[in-house]
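Take a look at the structure set out below.
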Amino acid sequence: MQWMTSGCLGLGLATAFALPGLASPARCVIQESGRTTFNGACDFKQFGGNGSFTLTSLQSNWIAGRSVITVAILSPGVAEVRGLTQDGINSRWGTAERSSRDRACWVGSDFQICAY
């Protein structure tokens with residue numbers, strides 16, 4: 001019985017630590033150069049414990065022409081945004097700030113990423 005209790009405890013701890021990394025369905029809106037390049041269902045997955053996240057499409061293999069978009073928090077309200085291209089290039093979109101009008105959005109010089 002001892003092994004069963006510790007096994008269940010271990011499984012419970014593993015599950016608890018894995019939860020923040022699980023993807024959650026969301027609706028994403030991506031704009032580039034003033035044009036909407038994606039508006040639809042996506043997977044939202046947090047990482048790093050600081051609000052950083054990745055987005056992937058639920059509709060196809062591509063979200064705004066990328067396999068994954070990463071928003072990595074640098075400091076409160078400031079993030080670095082990157083997109084993994086079809087050629088496997090991790091392209092840097094640049095720095096973005098969290099929108100004061102819509103807290104689900106991150107705004108860069110020529111792009112906006114929103115995850116609801």
Side chain to side chain donor-acceptor pair (under 3.5 Å) pairs, two or more places apart, involving residues 47-61:
Asn50-Ser52

Close side-chain approach of Trp106 to Ser99, heavy-atom, < 4.5 Å
no

Applied to residues 63-99, the disulfide bond (SG atoms under 2.5 Å apart) test, sequence neighbours excluded, yields none

Set of side chain to side chain contact (heavy atoms under 4.5 Å, CB included) partners for Ala64, sequence neighbours left out
Ile30, Glu32, Thr37, Phe38, Arg66, Ile69

Spatial distance of atom CD (Gln46) from atom CZ (Phe53) [nearest 0.5 Å]:
8.5 Å

By the salt bridge (charged side-chain N to carboxylate O under 4.0 Å, His left out) test, which pairs, at least two apart or in different chains, include something from residues 49-64?
none

Supply the members, apart from Leu84, of the Ile/Leu/Val/Met/Phe/Trp/Tyr cluster built from side-chain contacts under 4.5 Å; use none for a lone residue.
Val68

Which residue pairs pass the salt bridge (charged side-chain N to carboxylate O under 4.0 Å, His left out) test with at least one member in residues 103-116, sequence neighbours excluded?
none

Residue set satisfying side-chain hydrogen bond (donor to acceptor under 3.5 Å, both in side chains) with Asp102, at least two apart, ordered chain then number -> Tyr116

Listing request: all disulfide bond (SG atoms under 2.5 Å apart) pairs with a residue in residues 84-116, at least two apart in sequence or in separate chains.
Cys105-Cys114

Just wondering, do Phe44 and Val71 contact through their side chains at under 4.5 Å, heavy atoms?
no

Which residue pairs satisfy the ring pair (Phe, Tyr, Trp, His ring centres under 6.0 Å) criterion with at least one member in residues 72-101, sequence neighbours excluded?
Trp93-Phe111

Can you tell me which residue pairs pass the disulfide bond (SG atoms under 2.5 Å apart) test with a partner in residues 30-98, sequence neighbours excluded?
Cys28-Cys42

Do Val107 and Gln112 touch side chain to side chain, with heavy atoms closer than 4.5 Å?
yes

Any pair with a residue in residues 33-42 that passes salt bridge (charged side-chain N to carboxylate O under 4.0 Å, His left out), sequence neighbours left out, goes on the list, sorted by first then second residue, please.
none

Would you please name every residue forming a side chain to side chain contact (heavy atoms under 4.5 Å, CB included) with Arg92, sequence neighbours left out?
Glu80, Arg82, Thr95

